[in-house]
J.: 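Submitted below is the structure of interest, expressed as structure tokens.
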2 protein chains.
Amino acid sequence: MVTMPRDYFKDRIEKIKEFYLRNKRMPSYSEAAFLFGFRSKNAAYKLIRKLKELGFIYSDEKGRLLPGTLNNPVKLLGSISAGFPSPAEEELQDTMSLDEYLINNPTSTYLLKVEGDSMIDAGIHPGDLVLVDKSVIPKTGDIVVAQVDSEWTLKYFEKRGGAVYLRPANKKYPLIKPREELIIGGVVIANVRKYK
Amino acid sequence: MVTMPRDYFKDRIEKIKEFYLRNKRMPSYSEAAFLFGFRSKNAAYKLIRKLKELGFIYSDEKGRLLPGTLNNPVKLLGSISAGFPSPAEEELQDTMSLDEYLINNPTSTYLLKVEGDSMIDAGIHPGDLVLVDKSVIPKTGDIVVAQVDSEWTLKYFEKRGGAVYLRPANKKYPLIKPREELIIGGVVIANVRKYK
DNA sequence: TGACATAGTAAACGTTCGTACACTATAATA
DNA sequence: TATTATAGTGTACGAACGTTTACTATGTCA
């Protein structure tokens with residue numbers, strides 16, 4: 001029986017990953033054979049069958065290859081204070097896609113750039129991007145996009161005894177009790193800050 | 001001459017988008033024809049040629065369709081304090097992918113879950129996910145993942161007169177002057193917080 | 001040693017692919 | 001009204017597709 005070296009699969013997966021990132025589609029079997037350095041596309045066919053069993057790849061009803069966990073661009077390490085594993089060691093790590101992780105409802109979610117410091121105590125800074133889902137019904141404690149005095153702002157949503165209040169996360173600003181009807185643009189489901 | 005209704009393209013694009021999200025690949029021309037309700041795939045062929053000109057789709061050297069701006073899952077609205085356009089109006093908005101926006105170097109970037117409150121004044125809370133690029137060389141003011149007393153922590157990086165310091169973003173904790181060699185696990189390039 | 005599982009080669013199949021060409025129907029324009 | 005550009009139908013063709021089968025070579029294990 002022939003046993004393959006330890007990183008046999010990893011190199012192959014990396015090749016496909018590169019192809020996928022470069023071409024934005026999965027290779028055909030003959031293209032995969034070329035990637036792997038095989039002369040026969042059946043060799044690729046058999047190899048990929050194993051990658052499928054490992055979950056890196058799958059295929060649709062027509063046999064075309066689709067990205068499995070390949071798709072996920074960022075590697076997952078442990079948590080920071082727990083003495084997480086050294087970033088140096090390159091294993092077959094778990095990966096994830098930020099898009100898929102953060103966005104539940106692609107059609108009802110949009111992105112908003114934050115200006116002003118009214119939510120700074122909630123860790124939402126000017127310049128941050130805020131993901132807003134307008135299909136979510138706000139509950140007390142949620143951060144919402146609301147229209148106050150014909151201006152859109154970011155506030156904590158509070159419902160007490162039938163009345164609705166908007167609370168800024170900054171002691172400098174007062175609690176807001178909306179005069180008339182309150183227009184909600186959606187609930188903040190995530191906050192993203194880019195440094196570089 | 002036949003002029004198409006205003007949202008002619010938008011509906012078609014939405015159909016392809018749905019297909020792409022569902023199948024994780026672009027449709028063939030015959031599949032696209034079926035999506036559009038055409039009997040002839042040549043009709044899809046001509047229509048998609050126009051979508052290509054608009055940048056929503058393109059194709060590789062073998063003619064296979066590839067996602068253009070389709071790919072991007074989240075719609076971009078204006079900024080929040082500027083009285084941004086109502087989220088209700090559904091135009092052909094700009095879209096973006098968070099993965100592509102945040103990650104410059106997929107191979108050297110990883111994700112870390114934050115525990116502890118040492119960076120809370122920088123708006124990085126316990127439970128946040130931090131994107132770390134280990135190929136970036138830290139500069140003063142950057143937030144880095146560093147090993148202090150054989151523990152991995154998140155600190156501001158400061159270089160003054162040849163000496164390197166690590167500063168927590170929380171007044172409760174003291175400035176750290178590393179005794180021996182300083183091990184840096186990478187530079188924080190983004191912070192992500194998920195609420196829902 | 002002999003039996004066996006595996007990695008890879010090679011060729012063949014029916015199907016689907018992208019693309020091209022000829023054609024019809026419709027609506028706008030001059 | 002005649003002209004013209006466009007939306008869509010239908011057919012055809014060579015190339016590439018996924019999949020199957022047969023075969024070789026090689027290393028493992030009893």
Side-chain angles (χ1 to χ4, degrees), chain A residues 1-20 22-68 70-71 92, chain B residues 1-20 22-68 70-71 92:
Chain A
M1 189 200 300
V2 183
T3 17
M4 290 288 103
R6 212 196 145 288
D7 282 339
Y8 180 76
F9 287 131
K10 209 203 143 206
D11 295 351
R12 310 303 216 240
I13 292 168
E14 212 55 41
K15 290 257 168 62
I16 296 185
K17 203 173 206 163
E18 282 168 22
F19 186 98
Y20 184 70
R22 194 169 50 248
N23 300 79
K24 291 208 180 180
R25 64 170 175 85
M26 291 295 277
S28 67
Y29 284 100
S30 26
E31 286 168 331
F34 179 78
L35 283 179
F36 298 154
F38 295 153
R39 258 195 288 262
S40 163
K41 67 174 172 170
N42 187 346
Y45 187 76
K46 291 181 186 172
L47 203 162
I48 285 176
R49 189 159 51 200
K50 295 186 181 159
L51 296 185
K52 283 186 192 175
E53 288 166 9
L54 294 172
F56 293 105
I57 294 178
Y58 64 104
S59 56
D60 59 18
E61 72 285 349
K62 281 178 183 161
R64 288 196 204 73
L65 298 180
L66 302 176
L70 265 186
N71 194 21
L92 284 180
Chain B
M1 189 200 300
V2 183
T3 19
M4 290 288 103
R6 213 197 143 289
D7 283 337
Y8 180 75
F9 287 131
K10 208 203 142 207
D11 295 351
R12 310 303 216 241
I13 292 167
E14 213 55 40
K15 290 256 168 62
I16 297 186
K17 204 175 207 162
E18 281 167 24
F19 185 98
Y20 184 71
R22 193 167 53 248
N23 301 80
K24 290 208 179 177
R25 64 171 176 85
M26 292 294 278
S28 66
Y29 283 102
S30 25
E31 286 168 332
F34 179 78
L35 283 179
F36 299 155
F38 294 154
R39 261 196 286 260
S40 163
K41 67 173 173 172
N42 190 13
Y45 186 75
K46 290 180 186 172
L47 203 163
I48 284 177
R49 188 158 53 199
K50 294 185 182 159
L51 296 185
K52 285 185 192 175
E53 289 164 9
L54 294 172
F56 293 104
I57 294 177
Y58 64 105
S59 56
D60 60 17
E61 73 284 349
K62 281 177 182 162
R64 287 196 204 73
L65 298 180
L66 301 175
L70 265 187
N71 193 22
L92 283 179

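We name chains A, B, ... by the order of the sequence lines, and we start the count at 1 in each one.
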J.: Would you say B:Ser28 places a side-chain N or O within less than 4.0 Å of OP1 or OP2 belonging to C:dC17?
T.: yes

J.: Please give, in whole Å, the distance from C:dC17 P to A:Glu31 CD?
T.: 16 Å

J.: Decide if atom CZ of A:Phe34 counts as having more than 12 heavy atoms of other residues, nucleotides or ligands within a radius under 6.0 Å.
T.: no

J.: Please find the pair of heavy atoms, one from A:Lys24 and one from B:Leu66, that lie closest to each other, and give the distance.
T.: O-CD2, 3.9 Å

J.: Compare every heavy atom of B:Ser40 with every heavy atom of B:Ala33, then report the nearest pair and how far apart it is.
T.: CB-O, 3.7 Å

J.: Any pair with a residue in residues 29-43 of chain A that passes salt bridge (charged side-chain N to carboxylate O under 4.0 Å, His left out), sequence neighbours left out, goes on the list, sorted by first then second residue, please.
T.: A:Arg25-A:Glu31, A:Glu31-B:Lys62

J.: Shorter than 3.5 Å, N or O on both sides, protein versus nucleotides 9-13 of chain C: list them out with atom names.
T.:
unit_1 : atom_1 : unit_2  : atom_2 : d
C:dT9  : OP1    : A:Arg39 : N      : 3.2
C:dT9  : OP2    : A:Arg39 : N      : 3.0
C:dT9  : OP2    : A:Ser40 : N      : 3.2
C:dT9  : O4     : A:Asn42 : ND2    : 3.4
C:dA10 : N7     : A:Ser40 : OG     : 3.2
C:dA10 : N6     : A:Asn42 : ND2    : 2.7

J.: Specify the separation, in whole Å, of atom CD of A:Glu61 and atom P of D:dC17.
T.: 18 Å

J.: Between A:Lys50 and B:Tyr29, name the one whose nearest nucleotide on DNA chain C is closer to the 5' end.
T.: A:Lys50

J.: When the distance from CZ of A:Phe36 to P of C:dG8 is rounded to whole Å, what number comes out?
T.: 10 Å

J.: Quick one: B:Met26 CE to C:dC17 P, roughly how many Å, whole number?
T.: 14 Å

J.: Between P on D:dT20 and OH on A:Tyr45, what's the gap in Å once rounded to a whole number?
T.: 5 Å

J.: Between B:Arg49 and C:dT19, does any side-chain N or O lie under 4.0 Å from OP1 or OP2?
T.: no

J.: Please report the shortest heavy-atom distance between A:Ala43 and A:Phe38, naming the atom on each side.
T.: CB-CD1, 3.3 Å

J.: Atom NZ in B:Lys15, atom CG in B:Leu35: separation rounded to 0.5 Å?
T.: 7.5 Å

J.: Within this structure, what is the CZ-to-C1' distance between B:Phe34 and D:dT9, rounded to whole angstrom?
T.: 17 Å

J.: Would you classify B:Ser59 as touching base, sugar-phosphate or nothing, given that sugar-phosphate means primed atoms plus P, OP1 and OP2, and contacts are heavy atoms under 4.0 Å?
T.: nothing

J.: Respond yes when some side-chain nitrogen or oxygen of B:Ser30 is under 4.0 Å from OP1 or OP2 of C:dC17, and no when none is.
T.: yes

J.: I need the NZ-P distance between B:Lys62 and C:dG18, as an integer number of Å.
T.: 12 Å

J.: Pairs of donor and acceptor atoms involving the side chains of residues 45-58 of chain B, under 3.5 Å and at least two apart or interchain, shall be tabulated with distances.
T.:
unit_1  : atom_1 : unit_2  : atom_2 : d
B:Lys52 : NZ     : B:Tyr29 : OH     : 3.4
B:Lys52 : NZ     : B:Ser59 : OG     : 3.0

J.: Quick one: A:Leu65 CG to D:dC17 C1', roughly how many Å, whole number?
T.: 11 Å

